[in-house]
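Everything below concerns the one structure shown next.
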Amino acid sequence: MRIEKFEEIESTNEYMKLKSEAEEWDVVYAVLQTKGRGRNGKRWVSNEGGAWFTTVIKENKAVSMSEYVKLPMIIGAALLNTLNTLGINSCKIKWPNDIYVNDKKVCGILVEKSGENFIVGIGINVNIEKFDKEVENIATSLFIESNKKYKIEEIIISTVENIKNYYEIFLRGGWIGIIEIILKNDWLKGKNVDIISGSSIDNGVVKGINKNGEIEIVVSEKLKTYCSGEISIKNIKI
Ligand code: BTN
C-alpha cells in the first residue's frame, strides 16, 4: 500500500483520477480538502479533523459491471467493520453505503469510475468536535460518539485493509456473507422516504434490501425495487 499525504488538496478523488500511474490500493489522504465532493454533486465539508482519503480498485475483467454495482455496499460493510473495531458499536448502513451512528451520518463514500479504475473516496468524521449549524443535526463524529480522539492515519490504513479483505471475499464468491451484514444493520428499514429519480419524486416506506443489494420500497401499495445509483433517498422520517 503506497500512501501519499497532503496538508491541503482540492479533492483526493480528483487527484487520484489524474494520477496516471496509480496502482491498485494506492492511498492519498489530506488534512483538509478545499473542494471536497459528495455524491450527487454535493459539497463535502472537509475541515481538519476528518479522514479524507481515496484508494483505487482496478476493474477485474472477470467481474461484470452488473456485479460491480455491489462495490459501494462492499465498501460500506468494510467501513462498518472498521468502526465496530474502534469500539463504535451502534453503526448502521444507510443504503447503499452511508454509515450512521445514533441517526446521524458519520461517514460517506463516493465511488467513481475513471477508465479502468474505481476511485473509492471516503470521508470519516473522526476527531471533529463541533459541526457548522447547517449540518449539526445530521452529522456526527467518532469523537462526539465516544469522547475519544483517534489517530487518523491508522484509521485510514485499517479501513483500506478492511476494504481489501471484503473485496477479496466478494471476488471469491462471498457476496452473501456481505449482504447479510448489510441486512442486519439496515438503517432505512421501516422508514418513510422520498425517492428521487431524475425530476420525479415518489414517496414510500422501505421494506428492506434484497439479496442482490437492491432496495425494496412500498410505493402506493406496490412493491418497487431500485438499484443503487438509480435513485437517491431524501426526507427520511425517523
Ligand atoms: C457522500 O456521502 O456524499 C460521499 C462523501 C465522500 C467524501 C470523500 S472525502 C475524500 C474523497 N474526496 C472527495 O472529494 N470526496 C471523497
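In what follows, residues are counted from 1 in the order of the sequence shown. Counting starts at 1 for both ligands and their atoms, in listed order. In this text, all values refer to a predicted model and were calculated from it rather than measured experimentally.
Taking the six-membered ring where tryptophan is involved, the planes of Phe170 and Trp175 are perpendicular, since the angle between them exceeds 60° and thus also 30°.
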Can you list the steps and then say if Glu214 with Thr225 is a side chain to side chain donor-acceptor pair (under 3.5 Å)?
CA-CA 6 Å; Glu214 296 153 338; Thr225 305; 5.4 Å; no
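Taking Ser146 as the reference, Tyr150 meet the side-chain hydrogen bond (donor to acceptor under 3.5 Å, both in side chains) condition, with sequence neighbours excluded. When the side-chain hydrogen bond (donor to acceptor under 3.5 Å, both in side chains) test is applied to Lys189, no partner is found at least two apart in sequence or on another chain.
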Tell me which donor-acceptor pairs under 3.5 Å the side chains of residues 110-124 have, and how far apart each pair is, sequence neighbours excluded?
| unit_1 | atom_1 | unit_2 | atom_2 | d |
| --- | --- | --- | --- | --- |
| Glu112 | OE1 | Asn13 | ND2 | 2.8 |
| Glu112 | OE1 | Lys17 | NZ | 3.4 |
| Glu112 | OE1 | Arg37 | NH2 | 3.0 |
| Glu112 | OE2 | Lys17 | NZ | 3.2 |
| Glu112 | OE2 | Arg37 | NH2 | 2.9 |
| Lys113 | NZ | Glu59 | OE1 | 2.7 |
| Lys113 | NZ | Gly115 | O | 3.2 |
| Glu116 | OE2 | Lys61 | NZ | 3.2 |
| Asn117 | OD1 | Lys58 | NZ | 2.9 |

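The 4.0 Å heavy-atom shell around ligand 1 contains residues Ser11, Thr12, Asn13, Gln33, Gly36, Arg37, Gly38, Arg39, Trp44, Trp52, Phe53, Thr54, Asp98, Lys105, Gly108, Ile109, Leu110, Gly121, Ile122, Gly123, ordered by chain and number.
Donor-acceptor pairing under 3.5 Å is lacking for the side chains of Ser197 and Glu230.
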